[in-house]
Each structure stands twice: as C-alpha cells, then as structure tokens.
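Shown next, in structure tokens, is the structure this report addresses.
Every chain is numbered from 1 and lettered A, B, ... according to where its sequence line falls, protein lines coming before strand lines.
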Amino acid sequence: MTQFEAAFDPKLSERKLYDFWMEKGVFKASRTSGKKPFTVLMPPPNVTSQLHMGHGTGYTMQDILVRWKRMKGFEALWLPGTDHAGIATQMMVEKSLEKEGTSRQKLGRVAFVKRCQDWKEKYGGMILDQFRAMGFSCDWDRIAYTMDPHLSHAVRQIFVTLFNEGLIYRGERLVNWDPVLQTGISDDEVESKEVNGHLWYFNYPIEGSTEFIPIATTRPETMLGDTAVAVNPDDERYQHLIGKMARLPLANRLIPIIADSYVKSEFGTGAVKITPAHDPNDFEIGKRHKLPFIDIMNPDATLNDKVPERFRKPRFEARKEVIRALKELDLFVKEESYKTTLPHSERSKEVIEPRLSLQWFVDMKKLAAPAIDVAKDGRLKFHPDLWKKTYLHWMENIHDWNISRQLWWGHRIPIWYCKKCDGHTTGMTDPSQCSKCRSTEIWQDEDVLDTWFSSWLWPLSPFGWPDKSNDLEHFYPTDVLVTAPEIIFLWVARMTMVGLKTRGVAPFHDVFLTATVCDKQGRKFSKTLGNGIDPMEVIDRHGTDAVRFTAVQLAPLGGRIKMAPEDFEAGGRFVNKIWNAARFIFNYMDQSRPLQPLDASKLSLSEKWLLNELAVAAESVDKMLHAYRINDAVEHVYHMIWGSFCDWGVETAKNALQGTDQGEKDRTVSVLVYVLDALLRLASPVMPFVTEEIWQKLPKHPGWDRPVSLCIAAYPDPTTLPRFPEAAAQWQRVQDVIAGIRSVRSQAGVPPKQQLEAYVKTDTAGVTLLKAADADVRRLAGLSKLETAVDLKRPGQCLADVGKGYETYVPAAGLLDVAKEKVRLDGEIARIGKILAGLESKLGNASFADRAPPDVVEATVAQRDNMKTQLAGLKINLSALAD
RNA sequence: GGGGAUAUAGCUCAGUUGGUUAGAGCGCUGCUUUCACACAGCAGAGGUCCACAGUUCGAGUCUGUGUAUCCCCACCA
C-alpha cells in the first residue's frame, strides 16, 4: 500500500523528483523523435548574477509553456546557458583585485583574463543551481556559454562576414565614455537621469575690441577645449560679431565666432561655446565648420596636459577651478540653478563623458530594414502588442552600434593592424601578414567586443551556426522568446536582425515581454532599497510549487507585478489543498480492486457536471496559454481544482464513499481518480513537484496513459474530454437550491450541524432533478428531509428563499427571528424591485424594442418575468410572516 | 520636447467583438473545530467602474477633453 504522508514536504520531494527527472532524461530534446519541435531560448543570465524574483517569474512562465507543449506531444527544447557579461564580470573581478591591493594593470592582460575565467568557474554555476531549485525543465545537456569555443567561433564568423560586407567599420567618434570602467559603451547602455545642476554665465572678450560675448554653460571645465563660439545666424544681437575672433580666457587661444542655426537665440545668452571633442552637438557643429577638435581629458576624466597646469584635476574639481579663475579675471557673470538630464553609465552609475575615440561600429540601417518588415507584417509578434511600437520606433531611428569595448574580458576584436600601411586584416584564422601590403609586422586590436555582440547570436550559435548542423535546421527558428522589456533593443532587436541576416527568417515568431517585479509600493526591486524578495528564501519557506504558482498568478500581461513575501502563502495553501484532496481520495481507495473506465450511463448528475467543468477548464487553460495569458490559465486551474473539484466534486462524492454499497464506492473512486489524474496533468506545468509526487502514488486509471513521469504524460485535451452540457446546467439548478438553503440557514443563525427540513416548490423538471439529487442536497445543505413538489403548500412559520425557478421553505419554529427575517425580506424586495423597475423601463422604451437585436429583447423579457415571479414570491413570504 | 500605458471593492487585479443583477484572490465580519485540508468549510459586508461631455435603444467597455500616476525615447548649451 502506497504511503500517503499527512503533509506534503517540498524540501524532501523537490530534490528527489528533480534527480528523478534528470535520471529519466525527461527534459532532453531529441532531433530524431519525429515530434514537432517547440523551442524556447532561455535568456542567458549573466554569469555573475544571482537569481531574483524577475528571473523567478519570467523563467517560470517559460517553463510553464515548455512543460505544457512537452505534455502536448511536442519535442520541447528549453535551451539553457549563460552570458560572460563583459563589463559586469570585469567590474566584479577588478573590485576583488582592489581588495587584494592590486589591479588589472599590475596583473597584466593574460593573468587578468585567467582571473575572470576562475571567477566564472567559481560563481558562474550558482544561478544555474538556483534554476534547478526552481524546477526548470531545460535540457542541461545542451547548456551553452557565450565564451564556449563554438560560440566564440560564431562571433568571429559574423564579425568577418559583416566586415567583408562593409557593415563593420572603424571611426573616430564621440562615444559614451565611462570614466570609472574606462571604456566606451553603446547608447543603449546609457540611462538619462535628471540632476540639479547649474547654468553658469561667462564673458569671452572679443579680440580687437572692448566688447564681450556672453555665453552660458552647464560644464565650465570644457571651455578649455573650446574652439568656437556659435550664435544663431538670425540673432540681431550678435550680427556684428559673426566672423570676429574671441580670446578664450584661461587657455588664451583665439577662437572664431560662427553662425549656426542649431543655436537657439532664446536659450541662455544665445551664444554657445563650442567644444567639439566633448559634446555631441558641438561635435556635429565642429564637423560642419571644420573646427579643431581638442581633447582635454584623460581616460579617467581628469583634465590632461592640453590645459594649463592649474586645471589638470578631476573634471568636477577642474570645473570649480575654472569658475574661480574666471572670477579672478572678472569674466564671471552669474550662476543659476538649473535642472538638466545627464547621461549615466548603466553599470558604474557614473556620469558619462562624451569622448573622442577610435571605435568599431556596425552599420545598422541595412540590418534593420528586414527586421522592421517582419514586425510590420506580423511574422514577428509582440505580447502585449504595444511593445511593437517601441521596437519599431527604435528600429526606424537606429544608430550605428559601437561594438568595441576597452576591456580585457570578452571576445577580442579579430582585427590586425599593420605597422607599414593602414591595412586592417581579419579572417577566421589569425593572420600572419597584412592583407594589404603583406607586411608581417601586424598587431591585434587590444579591445574586446561588446557582450551583446555574442548574445545576439543566441538563437544561432548554440545550435552550431555557422555550420549547417542538423540541430540548427531542426530547432531554428525557435518559437517564443520570453524576456524583459528593458532588453528589447539590446537583445531582442539585435537577435532579430542577425537572425534575418544569416537565415532569412526571424529567430522566433512571438516575443512575450514580462512584467517588472516591484514591491507593494510599486518600486522596482533594487539592492540599494533592499526591497527585493530572495526566491531561495521564499522557496525555503513555502516550497517551489508555491513560489511558482504565486509568481505567475500575480503576473498579468505586461505592466508591473506588485509582490510581497507574504503573497506566497496563497500558493502554499493551494499546494496543501491539492495534497489533502488527493490524500482523502486515497483513504477510500482499495488497491485490491482495479479502477474502472468511465461509464457515462452510470454517472450521477453531479459527476457529469464535474466532468463537464473539467472539459471547460481544460479548454480555457489551453486558450489562455495559447494567448500567453499565463496568469489567467493558472487562475482557471486554481478554480477548477479548489472550487469545482474540492468544494463540489469531492463533497458530493462523500455520500457514496461513506455509504455501504461497495460497487458504488468503487465506481465513485474511479471517477474521482479519473478527474484527479486530469487535474494533476493540468496543474503539472505550474506545480511540477506536488503533482508528480501525488501522481506517482496514483494507480493507473484506464482512461489515461501512464509514462514514467507526469512531465511527459498527455495533457488533457479539451477536444476529447467528455462533456455533459445539459446535465451541467441541471446540476447548476440544484446548486442554486443548495446555496439558497445555506444562505437562509446562515442568516437565521442556524449552526451547520443542526439538521433542517426543507420544502421546495418548483417546476416538473425541477422536482425530478431534486429527487434524483436528494442525498446530495441533504448532505450539502444539512437537511434531515427534503420534499419537492410542483404544487407544494407553504408550511406555516418558515424561512424562505425565492430564486430563479424555485421557492424554498424551511420550517423555522423556534429558529425564526421575525423582525430579522422581515428586514431581510424587505431588503430583497427592494433589491429585486429596483432591478425589475429598470427592466420595465427598458422594455417600455419603444426604441429598445425597435433597435435592439431580438435575442436581447427576448432575454430581457424573460428576465423581467423571472424577477416578477421572484418579487411576488418574496411578497407572499413577507405577508406570511404575520401568521 | 516626443511617444506610450494605466485609473474598477480596503489591497492586487479580471472584465473578450457595447447587451441579463460588474467578478476573483487576499484582507475584513459572522457561524462552524463534522474523521482530506482551520493552510479548512459555509455565509456575508464592501463598488456614483477617476471627472465632465458625446455617440447609442443601451457605455465599466466606444469617442473627445480634463485630472492623477507610471514607463520609454530625446543632443537645447
């Protein structure tokens, strides 16, 4: 006899079952199974990261989809992996070096890269262990890492391909320079933040005149790199100065006063200092007017030797020094408070310094065009749809992508420069001579590639691209990508572009953007706020199934998820409920008698209703999952199990189970097990552990398949599940009567234990139904006696419930509080009266009958009549109270 | 500055193409410790669906305006 413990122990069960799944290889995807593939790419987490509730929720959604498809008979592949996370990892390693009192410079490149690898080996696996704890059903045999040899090979291939097509080029540009990390970063790694700054006003003397030109700036220190002052060509105040020279204070250089329509006369003084090497706008103006570019900063954002010694300090100190110096010269005019938005580095949080440097770029325009098309014509869909606009907006205004990073951790740029000529050499193997002049004096670029330049190949490289592997042919394109909206540009858009470029097909047809997980105040989880929830901690407390269930139940399509640690209690209760329902059924199961197949001719009304509910629920779940409305699907599972199965199905079964008829007992258990089996299947993708634990104890039901694990058992198919719509509607009527009696009982303060008698006046069909369900009604409503008739005479003193198609009387001598009952009936009469009045006036409106569709009018009439009957019934009962 | 989203019960949210008496979970109140489960059962209270105007026989649902909150994008020194 199978043991059924009094309570489900997640800790014990989870480890055991995950090992069991691994051992049986149920998550492995095979190319040769003949099944249709369903492929999902796991967005590779950074090797450095820890599992947080964002992963917890987003990845659980993926797991649900994958498990669901697997059970539906697809060859489901969920591909796991990690990302080397260039900047993040390098930052972590540098920090730990700093603690040791050393630095990457002291260590040297080779040793430093080794340290990064060690770091990855040590900490890289932690998040994956946490994924196992979450029960994720990925194919671990296929795990990929962006620095794996064959993935690195793919990176090199795409670089070489794009370079040869002229889509990768080197240029001196103003890039977003992170002075802390000392590398350029892409536009997408920059975040604008509003800061309280100042606007300072200075005077620049005009050469050969006593006049001054006043300028305003938020960054006085950059004036040392000014190479012009610009005014609007139509600005009358400055017409006479255009073409003259100003003497740049402190630097003591002559700079021209130029006219450019970029300048807004109404802002500041209408005259702008131009620093082409340190401001993106000034850079453009500098190019237009062929101005000199003077770079006055070192990589760490201290001012360099292009400026007088006094100012060679960190940029913000230099700023103060410049102001002080201008005051000394009496050129300082005034200071105003000013709110402005400044670019900050996403990683180091430091203010970005626009810096002139030589970088490698990808020309994105050509790559973007097909990626725009697929989104527009629906080959690529977004869920929720509104993200399509965001995607298209970015694609249509795409900037070239700076892919070089002045880091050591990453894929080194496969370009060799020549000492003899200006040749750039690349190729799939390291060259030994310059491709242009054949010189052997060549050296490789010191920089590495942006991490995203490897992650954009995620739909390709793990499957073996650029080789034409069977895996690639089989699993590409993948099906759905589930990820956070923050990385639509960084990742989703770029994967789409490179997928189309290399394969001609978008790498997925659906993109599901997850909601952001926030605390109850709607603030994003952040380390500094300390408002985050540690998934491992809540798993420890409530179990993985509870965490998975709660996380996805709270997650609507898009938007925000407000989450608190105590929310997971709800999931825990649900797990407990399922466990106990199963345990109850087990108590009545006799292992010596085999389960019977479903026999529709022998089913009771309530059983037909329950089976019908199951079919309806399975259909809803299927529909919701297809639409990626995972929270709604989970909600349906919850209501089916708790509301329909436990509250009604199991309760009504108790009559037979606790009765004496052994045949009826066996038959009832068989029906319950059939439904339970289906429900475990239905819930398995969401709560894989508790469902498997129960399912393994369950004897095989002849109505179901029995593979080694529930994870690969057939998902309930709404098209083949039996349905009994008529019986379901009939049982609904019985439920109404039961609910009415319970309500009356509760309002009269009669304890549940106290048996009552009830008399129901109803139509012929109702009488037949209630007679058939006599035992059920008596049990569920707590009756010692139930009498039904069409022409039932109202007993004397009684409580009454008047509903649709029936009137119930409960003799209440000694129970009845006349005053209270009168208040209740008055309330009911008022409520029904109001509804009736509304319906009457609707029907009285001539244009309603005229214009509303006939079925609506018909329904309204029927409802009006129903209300009329109910109202009359209530009034009779009210007057009878006087008896 | 541009674009987008949201506003429904104390809280978090459902509410499909306009059409029966606007729903759920949590919380709250009352009754019940009946042998699956008190992590439970049963019953109940609680909503002028942000405001105003409009379209319509009919609006939580469609349109406009306003208000509030949030997000994304953007080079005004």
Side-chain angles (χ1 to χ4, degrees), chain A residues 4 6-7 174 192 199 215-219 222 230 262-264 266-275 279-284 338 340-341 343 354 384 386-387 389-390 393-394 397 485-486 488-489 516 520 522 542 546 553-554 556 558-564 566-567 569-570 572-588 627 629 631-632 635 638-639 643 646-647 650-651 654 658 739 742-747 749-753 780-782 831-832 834-835 838-839 842 845-853 855-857 859-860 862-864 866-867:
Chain A
F4 214 108
L174 216 52
S192 297
L199 198 55
I215 56 101
T217 180
T218 53
R219 303 189 55 201
T222 62
Y262 157 75
V263 181
K264 306 262 184 302
E266 61 283 2
F267 188 88
T269 61
V272 190
K273 60 187 274 311
I274 301 299
T275 322
D279 180 278
N281 295 312
D282 295 6
F283 178 80
E284 292 302 320
Y338 184 67
T340 184
T341 50
L386 66 100
W387 291 109
K389 283 183 192 159
T390 310
H393 184 259
W394 183 81
N397 298 284
E486 293 98 88
I488 291 180
F489 310 140
T516 314
K520 286 290 181 189
H542 305 284
Q553 191 203 22
L554 288 173
R560 265 182 316 184
I561 309 166
K562 294 189 186 173
M563 201 177 271
E566 57 271 20
D567 291 341
E569 289 166 19
R573 281 200 292 269
F574 186 39
V575 170
N576 180 257
K577 187 75 181 175
I578 298 172
W579 182 261
N580 277 297
R583 190 160 68 99
F584 172 78
I585 294 167
F586 265 74
N587 288 341
Y588 291 96
R629 292 174 57 160
N631 62 319
D632 289 326
E635 202 69 29
Y638 177 86
H639 279 116
C646 295
D647 290 346
V650 174
E651 287 307 317
K654 282 179 180 173
Q658 292 164 2
R742 283 169 166 179
S743 179
V744 162
R745 166 202 289 279
S746 175
Q747 282 171 53
V750 182
K753 228 191 284 187
L780 295 172
R831 192 178 65 90
I832 300 286
K834 217 167 136 187
I835 295 164
L839 293 168
K842 199 178 197 177
N845 185 342
S847 45
F848 173 71
D850 248 23
R851 306 203 191 182
D855 56 316
V856 173
V857 178
T860 310
Q863 199 206 347
R864 193 255 329 258
N866 177 29
M867 288 297 140

Quick one: [X] [atom1] to [N] [atom2], roughly how many Å, whole number?
X: A:Glu569; N: B:G25; atom1: CD; atom2: P; value: 17 Å
X: A:Ile488; N: B:C73; atom1: CD1; atom2: C1'; value: 12 Å
X: A:Trp394; N: B:G2; atom1: CH2; atom2: C1'; value: 19 Å
X: A:Arg583; N: B:A36; atom1: CZ; atom2: P; value: 9 Å
X: A:Lys834; N: B:A22; atom1: NZ; atom2: P; value: 10 Å

Grab the N/O contacts between the protein and nucleotides 40-43 of chain B below 3.5 Å, and write none if there aren't any.
| from | atom 1 | to | atom 2 | distance (Å) |
| --- | --- | --- | --- | --- |
| B:A40 | O3' | A:Lys577 | NZ | 3.0 |
| B:G41 | OP1 | A:Lys577 | NZ | 3.1 |
| B:G41 | OP1 | A:Trp642 | NE1 | 2.4 |
| B:G41 | OP1 | A:Asp647 | OD1 | 3.3 |
| B:A43 | O3' | A:Ser743 | OG | 3.3 |
| B:A43 | O2' | A:Ser746 | OG | 2.9 |

Have a look at [X] and say if it touches a base, only the backbone sugar-phosphate, or nothing, with a 4.0 Å heavy-atom cut-off.
X: A:Met867; answer: base
X: A:Thr217; answer: sugar-phosphate
X: A:Val575; answer: nothing
X: A:Leu839; answer: sugar-phosphate
X: A:Thr269; answer: nothing
X: A:Ala581; answer: base
X: A:Ala216; answer: base
X: A:Pro354; answer: nothing
X: A:Arg219; answer: nothing
X: A:Asp850; answer: nothing

Dot-bracket encoding of pairs in RNA chain B, which uses [ ] for pseudoknotted crossings and | for another strand, Watson-Crick or G-U under 3.5 angstrom: (((((((..((((.....[...)))).(((((.......))))).....(((((..]....))))))))))))....
Parallel, tilted or perpendicular: which describes the rings of A:Tyr338 and A:Phe267, with under 30° parallel and over 60° perpendicular? perpendicular
Go through it in stages, so that I can follow the logic: the residues are A:Asn580 and A:Arg583, the test is side chain to side chain donor-acceptor pair (under 3.5 Å), and I'd like the CA-CA distance, side-chain angles, deciding distance and then a yes or no. CA-CA 5 Å; A:Asn580 277 297; A:Arg583 190 160 68 99; 3.0 Å; yes
Let me confirm one number: the OG1-CD1 distance from A:Thr269 to A:Ile215, rounded to the nearest 0.5 Å. 7.0 Å
Just how far is it from atom OG1 of A:Thr516 to atom CE of A:Met563, taken to the nearest 0.5 Å? 11.5 Å
Taking only side-chain nitrogens and oxygens of [X], does any of them come within less than 4.0 Å of OP1 or OP2 of [N]?
X: A:Tyr338; N: B:C76; result: no
X: A:Lys562; N: B:U12; result: yes
X: A:Thr340; N: B:A77; result: yes
X: A:Lys753; N: B:U33; result: yes
X: A:Gln863; N: B:U21; result: yes

[X] side-chain proximity, nearest of [options]:
X: A:Phe584; options: B:A36, B:A5, B:A14; answer: B:A36
X: A:Val263; options: B:A77, B:G25, B:G19; answer: B:A77
X: A:Glu635; options: B:A36, B:G25, B:C76; answer: B:G25

NZ or CZ of A:Lys577 within 45° of A:Tyr638 ring axis and under 6.0 Å: no
If I pick the C1' atom on B:G1 and the same atom on B:A9, what distance separates them, to the nearest angstrom? 39 Å
Same-atom distance (P) from B:G58 to B:G2, integer angstrom: 38 Å
Which residue, A:Thr218 or A:Val650, contacts RNA chain B at a nucleotide closer to its 5' end, judged by nearest heavy atom? A:Val650
